[in-house]
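Reviewing the structure listed below.
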Amino acid sequence: MTSESNILPRFLQLQKGLFASLKLKEVLDSSITLFAEMAGGAKVAVFLCDNESTCFKLMAAKGYSDGSLDQLKVVPFALDSLLKQVHQKRGPIACPDATSAPDFSATVMRREASQGQIALPLVSANLLVGAVLLEVNNAQLLTFVDFLKEVSDLVATAISNSILFGRSEYERERLSTLYKTSC
């Protein structure tokens, strides 16, 4: 776990891991590790936007119970939660307890027995790529939302790059197949 004395070197080390691969799964796994370390062992869920279905889709998670994971698989943009506010405002939001949280978020907070919940947007090139949901065990972490937002911006860039790389690889394979069949 990261302490105040080693936060910058540990952050740089984790950031190297984040940008070491262009494969989406590896980037998501690195993102989970990065957020868990930077948020003191918080439970982490990373969502990507599905703008066609108007929802967030859970792509990777760490620490959540099976019941919460099942509930978080698909979260519509319109569902009353912190993720809805992230979608609308494109900014981070923190909630210190379940009583002040929207219904969906409060349910997850109670199930996970968290001391607070943080939702962060994943914005790259002014586009909402996804969101990160953190269940924190230490309410003091709610004061570090600005720092975690900066981390989420880096993660959004890495995820965007991996998505673009995946699409280019798909197109490269498709063009190669077309070339082979035409010859």
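Here, residue 1 is the first one in the sequence, and each next residue gets the next number.
Counting only heavy atoms from C-beta outward, the side chains of T157 and N161 approach each other to under 4.5 Å. At a threshold of 4.5 Å between non-hydrogen side-chain atoms, the residues L48 and V129 count as touching. The closest side-chain heavy-atom distance from E135 to S68 is not below 4.5 Å. For the pair S31 and L18, the minimum side-chain heavy-atom distance is below 4.5 Å. Contact annotation: the side chain of L141 never approaches that of F147 to less than 4.5 Å [non-hydrogen atoms, C-beta and beyond]. Side-chain contact between V136 and S114 is absent, with no heavy atoms from C-beta onward closer than 4.5 Å. Counting heavy atoms from C-beta outward, S65 and R111 have side chains that approach closer than 4.5 Å.
Classification of the F77-H87 ring pair by plane angle, with boundaries at 30° and 60°, yields parallel.
Note on V27: it clusters hydrophobically with V46, by side-chain heavy-atom contacts below 4.5 Å among ILVMFWY residues. Hydrophobic clustering of Ile, Leu, Val, Met, Phe, Trp and Tyr side chains at less than 4.5 Å, counting indirect connections, keeps I93 apart from V132. Side-chain heavy atoms closer than 4.5 Å link hydrophobic residues (I, L, V, M, F, W, Y) into clusters, and following such links, even through other members, never connects L148 to V86. Under a hydrophobic-cluster definition in which Ile, Leu, Val, Met, Phe, Trp and Tyr are linked whenever side-chain heavy atoms come within less than 4.5 Å, directly or via other members, F104 and F47 are assigned to the same cluster. A single hydrophobic cluster is seen to contain both L34 and I118, as judged by linkage of ILVMFWY side chains at heavy-atom distances under 4.5 Å, directly or through other members.
With sequence neighbours left out, the ring-ring contact (aromatic ring centres under 6.0 Å, His included) criterion links F19 to no other residue. Among residues two or more places apart in sequence or in another chain, the side-chain hydrogen bond (donor to acceptor under 3.5 Å, both in side chains) test is passed with D153 by K149.
To the nearest 0.5 Å, atom OG of residue S81 and atom CD of residue Q117 are 8.0 Å apart. The line from CZ of R172 to OG1 of T177 is 10.0 Å long, rounded to the nearest 0.5 Å. In this structure, the separation between NZ on K43 and CG on L69 is 10.0 Å, given to the nearest 0.5 Å. With values rounded to the nearest 0.5 angstrom, Q71 atom CD is found 11.5 Å from L58 atom CG. Atoms OH and CG, from Y64 and L133 in turn, are 4.0 Å apart once rounded to the nearest 0.5 Å. How far CG of D146 is from CG of L120: 10.0 Å, rounded to the nearest 0.5 Å.
The two residues L128 and R90 make their nearest non-hydrogen contact at CB-NE, 3.4 Å. When all heavy atoms of S124 and A156 are compared, the pair lying nearest together is CB-O, 3.8 Å. Nearest approach of S152 to P121, heavy atoms of both residues: OG-O, 3.1 Å. Considering every non-hydrogen atom in both F35 and V155, the closest pair reads CE1-CG2, 3.6 Å. Closest approach of F56 and G130 over heavy atoms only: CE2-C, 4.0 Å. For the residue pair P76 and C55, the shortest heavy atom distance occurs at CA-CB, 3.7 Å.
Checked by atom type and distance alone, the side chain of T181 pairs as donor or acceptor with a backbone atom of L178 at under 3.5 Å.
Open room surrounds CD on Q140; 12 or fewer heavy atoms of other groups in view lie less than 6.0 Å from it.
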